[in-house]
**Q** 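Before anything else, here's the structure in question.
Chain naming here is simple, since letters A, B, ... match the order of the sequence lines and numbering starts at 1 in each.
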Amino acid sequence: MDVEKGKTAKYLKEKRPVPKEVTEQLKYFTRTKKSILNALKEGDKTIPQLAEILAIPKDEVVFQLMSLLKYGFVETGEIDDMDEYFYYKIKNDGKN
Amino acid sequence: MSEQMKSLEFDVLVIGGGIAGGEAALNLANLNYKVLLVEKELSIGGKMIMLSKVFPTLDCAACITTPKISEIARHPNITIFTGAETRKITKIEEHHFEAIVLQKPRYVNVTDCTGCQLCEQACPVSVSDQYQYGLVGRKAVYIPFSIASPRAAAIDIENCTLCGACERVCPTQCIDFTQTEEEFLVTIKSIVVATGFDLFDPLKIPRYGYGTFKNVITSMQMERQLAPTRPYNTILRPGDGKMPDNIAYVLCTGSRDKSLGNPICSQICCMYSVKQAQLLMGALPMADITIYYLHIRAFGKGFNEFYAQAQDMGVEFVKGKVGKITEKENGNLILRYEDIEQGKVQEAEHDMVVLSVGVLPNQGISDAFENKKLELDPFNFINQADILASPAKTSIDGVFVAGTASGPMDIPDSILSGGAASAETTSYLRRALL
């Protein structure tokens with residue numbers, strides 16, 4: 001088989017279709033990422049505030065927000081007056 | 001046997017690249033034996049490389065592990081297969097074994113990968129990161145963790161959308177989706193089994209609410225939160241991102257419990273919980289830490305002093321068996337427990353609960369032995385055939401056991417056990433020449 005380096009994904013795609021759950025998961029992440037970043041563009045927010053705006057459970061916000069922090073879209077701000085929840089802010093206008 | 005199968009020859013096959021297997025491999029390699037180290041994960045370093053600090057010295061685990069891992073990886077007498085499995089081990093005669101090693105595709109050419117992480121940045125997928133015990137996401141193409149060895153990307157093919165974005169940005173064109181499984185026929189003179197242990201899965205105790213109550217986590221998840229390469233910006237409740245200030249530890253989760261099929265003590269949970277409590281008091285100076293225990297087993301060198309130090313720091317120790325955990329609307333947790341000293345059932349509220357999960361046998365390797373039986377002990381760890389005279393000896397001559405594959409033990413004991421296994425292996429190999 002003649003394989004073109006840097007373009008090998010297509011060979012596997014022919015043999016192995018991408019499962020629907022995988023594309024659904026990608027769509028979900030892209031959608032959640034967009035809504036978190038849009039909410040943070042409006043101003044710094046805590047996790048409970050984001051959960052309320054996005055109408056998704058707080059633990060899901062923790063997971064997705066911390067992933068965005070890891071990927072470099074978001075950074076940590078100050079902690080609130082009660083020393084309970086951190087504010088998170090957008091980094092580089094949401095571009096990593 | 002397939003005709004294309006490549007043949008390899010070594011003196012010793014070490015199965016498992018954790019701290020015990022690594023120690024055994026390194027000792028043998030330094031004695032000029034050729035060693036093949038087979039690791040099922042994408043990096044060597046085992047569980048120790050994932051830890052924050054070690055007890056009772058509070059040394060940084062990564063600072064001890066990384067140089068050792070590096071020495072193993074660079075040793076000219078050690079060949080390492082990561083993401084690989086050992087199957088079908090046959091003893092042909094004394095000092096002559098054959099094994100099939102299955103190398104799973106990583107879809108990345110490790111020698112060409114520079115670890116630049118441009119592929120990670122390009123990958124659009126985000127899934128749960130198993131190396132952060134599910135607390136945060138990772139990409140479908142990813143370097144397992146920052147101090148991984150090899151520090152090379154791998155593709156999680158189950159979650160990859162095959163979009164090709166990683167390939168397009170890779171400066172060395174090391175990504176290769178045409179890789180397939182490869183089998184090797186390995187001939188060796190001796191084998192060291194260092195397959196380590198599994199952690200107890202607390203989903204098996206539904207009354208503790210793990211999985212349902214998001215602020216109930218395992219000790220390994222807390223270990224990650226305490227490590228410098230932690231998943232969050234600081235220690236937070238996974239349920240709502242609040243900084244906890246009243247944390248409970250439930251000892252013996254999955255250990256010393258006949259009803260769960262594991263009646264034995266895991267030997268490490270008391271001390272790692274005491275360690276985490278001390279680290280938490282440093283990280284969260286205002287926090288209260290309570291440890292619910294049956295007995296504190298501080299048996300090793302410096303352990304009891306370490307326990308006393310935690311008490312002096314203000315860690316509260318409650319002799320009590322936790323029966324049930326319930327969740328309040330604010331995510332706080334109510335622990336219902338038998339206060340053993342007072343002789344009554346009590347309830348206490350905490351804002352986060354850590355389940356100190358126990359050590360279970362990592363089963364399966366005994367099935368790989370084809371014509372000889374690798375015997376297990378009553379708790380399914382590898383049986384030490386002559387525990388006092390020759391602790392690394394198994395039921396098969398020429399096959400030795402190292403580390404927690406033989407039973408629960410802490411890090412110093414695992415390293416000692418790796419050393420013992422290498423010495424006994426050397427003795428066996430030398431006998432071939434006599």
Side-chain angles (χ1 to χ4, degrees), chain A residues 1-19 21-30 32-33 45-51 57-77 79-80 82-88 95-96, chain B residues 105 107 109 112 120-121 123-129 132 134-140 155-180 213-215 229-234 236-245 284 286 331 351:
Chain A
M1 179 172 58
D2 282 337
V3 176
E4 199 179 346
K5 267 194 168 182
K7 289 180 181 172
T8 58
K10 62 182 181 195
Y11 296 99
L12 196 58
K13 220 171 189 170
E14 280 167 21
K15 282 199 271 179
R16 190 180 187 283
V18 176
E21 309 88 79
V22 172
T23 40
E24 287 301 316
Q25 164 66 22
L26 172 62
K27 279 186 204 160
Y28 171 73
F29 170 65
T30 313
T32 321
K33 174 178 142 190
K45 292 195 174 52
T46 64
I47 287 163
Q49 288 169 345
L50 281 168
K58 283 181 253 184
D59 63 286
E60 189 55 26
V61 177
V62 174
F63 183 85
Q64 299 295 353
L65 184 72
M66 291 303 144
S67 303
L68 295 177
L69 189 79
K70 176 177 168 180
Y71 305 148
F73 293 101
V74 170
E75 59 191 340
T76 313
I79 196 162
D80 66 7
M82 301 291 286
D83 277 351
E84 286 185 337
Y85 296 97
F86 281 90
Y87 282 92
Y88 295 91
K95 297 179 187 74
N96 72 344
Chain B
Y107 302 102
N109 187 345
D112 292 342
E120 277 190 28
Q121 221 176 328
C123 178
V125 177
S126 178
V127 291
S128 176
D129 184 350
Q132 294 283 16
L135 291 173
V136 72
R138 62 149 171 82
K139 296 301 185 78
I155 286 167
D156 168 5
I157 207 69
E158 301 300 323
N159 287 299
C160 175
T161 57
L162 297 173
C163 70
C166 51
E167 286 193 284
R168 289 192 289 276
V169 296
C170 178
T172 62
Q173 295 195 316
C174 67
I175 294 169
D176 180 3
F177 283 98
T178 64
Q179 281 185 3
T180 50
F213 308 149
K214 303 295 176 188
N215 298 326
T229 49
R230 56 177 144 238
Y232 303 159
N233 51 303
T234 185
L236 300 176
R237 303 204 301 185
D240 61 359
K242 178 179 170 280
M243 266 221 302
D245 58 19
L284 307 167
M286 303 305 287
D351 62 3

**Q** If you round to the nearest 0.5 Å, how far is OH of Y232(B) from CD1 of I47(A)?
**A**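 The OH atom of Y232(B) is 8.5 Å from CD1 of I47(A), to the nearest 0.5 Å.
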**Q** For T8(A) and F177(B), which heavy atoms make the closest approach, and how far apart are they?
**A**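 Minimum heavy-atom separation between T8(A) and F177(B): OG1-N, 2.9 Å.
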**Q** Give, as side chain, backbone, both or neither, the part of L68(A) having an atom under 4.5 angstrom from any heavy atom of chain B.
**A** neither
**Q** Examine whether an atom of C160(B) lies under 4.5 Å from a heavy atom of chain A, and if so say whether it belongs to the side chain, the backbone or both; otherwise answer neither.
**A** backbone
**Q** Let me see the working for F86(A) and N233(B) under side-chain contact (heavy atoms from CB on, under 4.5 Å), right down to the final yes or no.
**A** CA-CA 9 Å; F86(A) 281 90; N233(B) 51 303; 3.6 Å; yes
**Q** What I want to find out is whether K70(A) reaches D129(B) closely enough, with some N-O distance under 4.0 Å, to be called a salt bridge.
**A**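 Between D129(B) and K70(A) there is a salt bridge, with a charged N closer than 4.0 Å to a carboxylate O.
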**Q** Of the backbone (N, CA, C, O) and the side chain (C-beta and beyond), which part of K33(A) lies under 4.5 Å from a heavy atom of chain B, both, or neither?
**A** neither
**Q** Please report the closest heavy-atom contact between V62(A) and R237(B), naming both atoms and the distance.
**A** CG2-O, 4.2 Å
**Q** Taking all non-hydrogen atoms of both residues, which atom of D240(B) and which atom of P48(A) are closest, and how far apart?
**A**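 That would be O-CD, 4.1 Å.
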**Q** Should E167(B) and K10(A) count as an ion pair when the cut-off is N to O under 4.0 Å?
**A**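 Salt bridge flag = no for K10(A) with E167(B).
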**Q** Could you give me the CA-CA distance, side-chain angles and deciding distance for Y71(A) and E120(B), then say whether side-chain contact (heavy atoms from CB on, under 4.5 Å) is met?
**A** CA-CA 9 Å; Y71(A) 305 148; E120(B) 277 190 28; over 6 Å; no
**Q** Considering all heavy atoms of both residues, which atom of V136(B) and which atom of S67(A) are nearest to each other, and what is their separation?
**A** CG2-N, 3.6 Å
**Q** Between A140(B), C163(B), G164(B), S128(B), which has the largest tally of heavy atom pairs under 4.5 Å with chain A?
**A** S128(B)
**Q** Do D83(A) and M286(B) have side chains that get closer than 4.5 Å, going by heavy atoms?
**A**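 Contact flag for D83(A)/M286(B) side chains = no.
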**Q** After noting the C-alpha distance and the side-chain angles of R16(A) and I157(B), does the key distance pass the side-chain contact (heavy atoms from CB on, under 4.5 Å) rule?
**A** CA-CA 10 Å; R16(A) 190 180 187 283; I157(B) 207 69; 3.8 Å; yes
**Q** Identify, with sequence neighbours excluded, every residue that meets side chain to side chain donor-acceptor pair (under 3.5 Å) alongside N159(B).
**A**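 Side chain to side chain donor-acceptor pair (under 3.5 Å) check on N159(B) returns D156(B).
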**Q** Check whether any side-chain heavy atom of L26(A) sits under 4.5 Å from a side-chain heavy atom of P124(B), and report yes or no.
**A**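 Sidechains of P124(B) and L26(A): in contact.
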**Q** Rounded to the nearest 0.5 Å, what separates atom NZ in K15(A) from atom OG1 in T178(B)?
**A**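 The distance works out to 7.5 Å.
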**Q** Please look at K214(B) and chain A and tell me whether the side chain, the backbone, both or neither of the residue comes under 4.5 angstrom of a heavy atom of that chain.
**A**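 The side chain, not the backbone.
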**Q** By a 4.5 Å heavy-atom criterion (distance strictly below it), what part of Y28(A) contacts chain B: side chain, backbone, both, or neither?
**A** neither
**Q** Between F29(A) and V127(B), does the side-chain contact (heavy atoms from CB on, under 4.5 Å) criterion hold? Intermediate values first, please.
**A** CA-CA 9 Å; F29(A) 170 65; V127(B) 291; over 6 Å; no
**Q** For L162(B), which atoms come within 4.5 Å of any heavy atom of chain A: side chain, backbone, both, or neither?
**A**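 Contact with chain A: backbone and side chain both.
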**Q** Check whether Q25(A) reaches the backbone of S126(B) with its side chain - one donor and one acceptor, N or O, closer than 3.5 Å.
**A** yes
**Q** Rounded to the nearest 0.5 Å, what separation is found between the CE atom of M82(A) and the CE atom of M243(B)?
**A**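 One finds 12.5 Å between CE of M82(A) and CE of M243(B).
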